[in-house]
Enquirer: 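My structure is below; once you've seen it, I'll send some questions.
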Amino acid sequence: MPETMLQAPSPAALTSLTEDEILFRDNIRQFAEEKIRPLVKEMDEKGVFEKDLIHQFFQLGIMGIEIPEQYGGAGGKFFEAILAVEELSRVDASAGVIVDVQNTLVNNALLRWTKDEQKKRYLPRMVADTCGAYALSEASSGSDAFALQTKAELKGGDYVINGRKLWITNGKEAGVFILFATLDPGAGYKGITAFIVEKEFLGFTVGKKEDKLGIRASSTCELILEDCCVPKANVLGEVGKGYRIAIETLNEGRIGIGAQMVGVARGAWEYAAKYAQERKQFGKPIGDFQGIQFQIAQMATDVEAARLMVYNAARMKDAGIPFVKEAAMAKLFSSQVAERVTSLAIEIYGGYGFTRDYPVEKYWRDSKIGKIYEGTSNMQLATIAKLVMGGK
Ligand SMILES: Cc1cc2nc3c(=O)[nH]c(=O)nc-3n(C[C@H](O)[C@H](O)[C@H](O)COP(=O)(O)OP(=O)(O)OC[C@H]3O[C@@H](n4cnc5c(N)ncnc54)[C@H](O)[C@@H]3O)c2cc1C
């Protein structure tokens, strides 16, 4: 055969994993089953995440997946973070979001935008024992994030920050916050600067913790900054370029939320498929009825489609291919799938599914946040529309 006719091997299936990825995933799956599953109901009821589990996340190496080995991290890929978030969320979406925010938002921002000196100060801590949080939203700026009012002023060698942040995931557990403030509210997005703020900084307080519908064990808190002193050396990236940090980290973070929603949908689907084999009506398992079989099949198809989108977006990110549209689509679709699949799971459980004695109602409550944080579904649609319609 002439050389020019030799064919390259076909690309692998979109869901194919390397041996290392399979090991990594199986390890987390086992950890989630053995260590998290027994605590899920109680953590949800109390609205508190078990502190020791977070300690175990650090020991397992999943709080610094992409952090290079020279700083003590695993030196892994973004895709591994996605696998971790999916596997954890299959058991508990609160566990999923703690690891998601740490890796896809906080570490991601620190890895990309810190100077060497800041890397040395912060990356080893993020791997070892410090939880991170990402503080952009405020009471009057959510979708319109760059209308934020928290103000930073340079006074001597420090920035002095005043304002309040709302809805901050990991607020209770975090020691380090990537916090966005404006140096000049009149300058719009161009005034926004990102800071690395530590919990111990003078003038920084964690305020009220929200009592939520879903992901109840994940803390969502207000942050209060009253003349909070932040050293100049803690500016993240360039002054006035915080908007770029916010946009770019959230683009990646969205793939993580997609993974969380795939995990939630899968967890509920697995319960429903099993229950359908066990529950008998009219003298046989309800799973023998075609009506139920079709629902289970539709749910499985939805989960598969969402996972393909999430994995593809994550692989594109790791390959350095533009992925903004795919990330927005993956988050939009996965959160729709999660809501649909978890809702059907309740129906398959019948009346029992509507009670807190069975696990599926929690999955449904947990699914709802997928359409809200890191950009609501309308905001994802706006991004997708802009990209597919060429700005028209
Ligand atoms: C549990 C939880 C955890 C969170 N964690 C974090 C965190 O860690 N860090 C952080 O910074 N933030 C966090 N958030 C905030 C979250 O990102 C915002 O809630 C979200 O961006 C939506 O903002 P909003 O709540 O102000 O809603 P709004 O922006 O007021 O939106 C209300 C509705 O209006 C729609 N809407 C708004 N503008 C438009 C438009 N132009 N076109 C069409 N529709 C529009 C929205 O889609 C939505 O349906 C969290 C929120 C929750 C609930």
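What you are looking at is a predicted structure, and each value in this text was computed from that prediction instead of being measured.
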Enquirer: Run the ring pair (Phe, Tyr, Trp, His ring centres under 6.0 Å) test against Tyr275 and tell me which residues pass, sequence neighbours left out.
Expert: Tyr349
Enquirer: Are any non-hydrogen side-chain atoms of Met389 and Ile384 less than 4.5 angstrom apart?
Expert: no
Enquirer: Between Glu248 and Arg112, is any pair of side-chain heavy atoms under 4.5 Å apart?
Expert: yes
Enquirer: Regarding Asp52 and Gln56, is there a side-chain donor-to-acceptor distance under 3.5 Å anywhere?
Expert: yes
Enquirer: Is the side chain of Asp184 donor-acceptor paired with the backbone N or O of Gly191 at a distance under 3.5 Å, no angle test?
Expert: no
Enquirer: For the side chain to side chain contact (heavy atoms under 4.5 Å, CB included) test, which of Ile369, Thr342, Val341 pairs with Met261?
Expert: Ile369
Enquirer: With Ile196 as reference, evaluate Val235, Thr114, Val230 under the side chain to side chain contact (heavy atoms under 4.5 Å, CB included) test and give the passing residue.
Expert: Thr114
Enquirer: Which class fits the ring pair Tyr189 and Tyr243: parallel under 30°, tilted 30 to 60°, perpendicular over 60°?
Expert: perpendicular
Enquirer: As a quick check of understanding, evaluate salt bridge (charged side-chain N to carboxylate O under 4.0 Å, His left out) for Arg356 and Asp44, giving each step before the final call.
Expert: CA-CA 11 Å; Arg356 300 218 163 175; Asp44 177 59; 5.1 Å; no
Enquirer: Using side-chain heavy atoms (C-beta onward) and a distance below 4.5 Å, is Val97 in contact with Val101?
Expert: yes
Enquirer: Can you confirm whether more than 12 heavy atoms, excluding those of Glu278, are under 6.0 Å from its CD atom?
Expert: yes
Enquirer: Using only heavy-atom distances, determine whether the side chains of Asp100 and Gln260 contain a donor-acceptor pair under 3.5 Å.
Expert: no
Enquirer: Apply salt bridge (charged side-chain N to carboxylate O under 4.0 Å, His left out) to residues Arg164 and Glu138 and explain how you reach the verdict.
Expert: CA-CA 7 Å; Arg164 280 171 187 242; Glu138 299 180 3; over 6 Å; no
Enquirer: With salt bridge (charged side-chain N to carboxylate O under 4.0 Å, His left out) as the criterion, how do Lys331 and Glu326 come out once you've worked through the C-alpha distance, each side chain's angles and the decisive distance to 0.1 Å?
Expert: CA-CA 9 Å; Lys331 188 207 179 245; Glu326 286 75 9; over 6 Å; no
Enquirer: Contact between Arg216 and Asp211 at the side-chain level, heavy atoms closer than 4.5 Å - yes or no?
Expert: yes
Enquirer: Would you say Tyr363 and Asp92 are linked by a side-chain donor-acceptor pair, where the criterion is simply a distance under 3.5 Å?
Expert: no
Enquirer: Hey, can you tell me if Phe49 and Phe57 have their rings parallel, tilted or perpendicular (30° and 60° cut-offs)?
Expert: tilted
Enquirer: Compare all side-chain heavy atoms of Glu86 with those of Arg266 and state whether any distance is below 4.5 angstrom.
Expert: yes
Enquirer: So which pairs with a foot in residues 113-134 pass salt bridge (charged side-chain N to carboxylate O under 4.0 Å, His left out), sequence neighbours left out?
Expert: Glu117-Arg121, Arg125-Glu198
Enquirer: With heavy-atom distances below 4.5 Å as the criterion, would you say the side chains of Leu381 and Asn378 are in contact?
Expert: yes
Enquirer: Can you name the one residue among Tyr134, Phe204, Phe201, Tyr122 that meets ring-ring contact (aromatic ring centres under 6.0 Å, His included) with Phe177?
Expert: Phe204
Enquirer: Could you check, using the six-membered ring where one of them is a Trp, whether Phe195 and Phe180 have ring centers closer than 6.0 angstrom?
Expert: no
